[in-house]
Amino acid sequence: MKLETKYLGLTLPHPFILGASPLASNLDRIRHAEDAGVAAITLHSLFEEQVLRYEAGMEAHVYAHEDSFSEAGSYFTKDVDYHYGPEEYLTHISRAKEAVDVPIIASLNGTHLGGWSYFAKEIARAGADALELNLYYLPRVSDESAEIVESRLEEIVKSVSESVDLPIAVKLSPFFTSLAHVARRLENAGAKALVLFNRFYQPDINIEELEPTPTLKLSDSSELLLRLRWLAVLFGRYQMDLACTGGVHNRDDALKAIMSGADVLQLVSELLLNGVDRIGVIRREVENWMEEMEYESLAQMRGSMSYCRAPNPEAIERGNYLRILQSWEPGNTLTETQ
Ligand SMILES: Cc1cc2nc3c(=O)[nH]c(=O)nc-3n(C[C@H](O)[C@H](O)[C@H](O)COP(=O)(O)O)c2cc1C
């Protein structure tokens, strides 16, 4: 069974990779991940705020940054101080490269065009095999149009990909009016892969203290459905590779994501919950299932449930929508209609 896949110009023995998280925040964890059989490792992000603080040579008020309600902000709470500043991050990349043979994908997290993007060059120099750009952004002001937001994201990707030889993946949120169009713009700007999707870590409210309380709830398989939809829509229409992040917890999740069009699957929550060795178990289960079903390779299965393989995707989409709504009867369980 050939599980081989290509991602960001790398040939990987199988599609299971470690998503950006503390699971690769030190060398022991990185070695453990390699022993568990990951095909590649994505490091946790270095944030724009950290680079700017370093550049300015002063303590920046990272916690008071205007994005403190965003995913970026919630990684960066007062309680969870990511102890890697930019220099330590570069050292971490070089040490990780020395410690393991699997490819190392660094991650930069930023949303404004400017002084931090030069850091991609440093990341390349430190030896990373590829770079994931996390462009999480939550527009909140009424004079910032979709066009302004999307142009800025496009410019960031362009500026980073022009400044560095590394293949760039862009990790996106699903909340765009026309995601397929944004994907095209990012591809034209130089992105070599899309990572679908960022999760929201939405703070709860402490009603007595009148304070937001950061929450970090790990995913479950129900989050995969949104990814499946968009993988299936985007597959086969771009040169870019597609990575799935969010809700891959078991064999069937993995198979569905590949059938929808994923080239690689990034896992985090499942590994935090049940240990990094789960990645090897899921890989073997996928392999066994594919053998039973007489697939010859991953390539044969990839995208088999995508829109571009469907005879009339518009009709399927509208048809399913209608059927679901019209088949609902009181007493039905949700799963019967989903
Ligand atoms: C504790 C934790 C830390 C994370 N840190 C980062 C990060 O530094 N950069 C990033 O892009 N994503 C980060 N993520 C998001 C994951 O990479 C991943 O996209 C998300 O958890 C969805 O995948 P999952 O369902 O397999 O958990 C983090 C997630 C968790 C749970």
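When reading the values below, keep in mind they use all heavy atoms of this one structure, side chains included, and skip hydrogens, waters and symmetry mates. Note that this is a predicted model, so its numbers are computed, not measured. Start at 1 and go down the list; that is how both ligands and their atoms are numbered.
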For ligand 1, which atoms sit closer than 4.0 Å to a heavy atom of [X]?
X: Leu218; value: 31 (C)
X: Lys171; value: 10 (C), 11 (O), 12 (N), 15 (C), 16 (C), 17 (O), 18 (C), 19 (O)
X: His44; value: 8 (O)
X: Ser219; value: 24 (P), 25 (O), 27 (O)
X: Asn134; value: 10 (C), 11 (O)
X: Thr245; value: 18 (C), 19 (O), 20 (C), 22 (C), 23 (O)

message = For Lys217 versus Asp220, what's the shortest heavy-atom pair and its separation?
response = NZ-OD2, 4.4 Å

query = What are the two closest non-hydrogen atoms of Ser45 and Ser107, and how far apart are they?
reply = OG-OG, 2.7 Å

Min N/O separation [X] to ligand 1 under 3.5 Å:
X: Gly247; result: yes
X: Pro22; result: no
X: Asn109; result: no
X: Phe197; result: no

Can you find a side-chain donor-acceptor pair between [X] and [Y] that sits under 3.5 Å?
X: Thr5; Y: Arg302; result: yes
X: Ser221; Y: Asp253; result: yes
X: Ser25; Y: His92; result: no

inquiry  = Quick test of your reading of the structure: of Gly246, Gly19, Ala20, whose heavy atom lies closest to atom 4 (C) of ligand 1?
reply    = Ala20

task = For Glu270 and ligand 1, answer yes if some heavy atom of the residue is under 4.0 Å from a ligand atom, otherwise no.
result = no

task = Please confirm whether Leu43 comes under 4.0 Å of ligand 1, counting heavy atoms of the residue only.
result = no

For ligand 1, note which part of [X] has a heavy atom under 4.0 Å away: side chain, backbone, both or neither.
X: Asn198; result: neither
X: Leu216; result: side chain
X: Leu272; result: side chain
X: Arg199; result: side chain
X: Leu267; result: backbone

query = Atom CD1 in Ile156, atom CD in Glu48: separation rounded to 0.5 Å?
reply = 7.0 Å

Check: Phe176 ring centroid to His181 ring centroid under 6.0 Å = no

query = Ion pair present between Glu147 and Arg185, side-chain N to carboxylate O less than 4.0 angstrom?
reply = yes

inquiry  = Applying side chain to side chain donor-acceptor pair (under 3.5 Å) as the test, list every pair that has at least one member in residues 287-296; sequence neighbours left out.
reply    = Arg283-Glu287

Geometric cation-pi criterion Arg152 and Tyr137, 6.0 Å radius, 45° cone = yes

inquiry  = Whether the side chain of Glu144 engages the backbone of Val141 through a donor-acceptor N/O pair (distance < 3.5 Å, no angle test) should be reported.
reply    = no

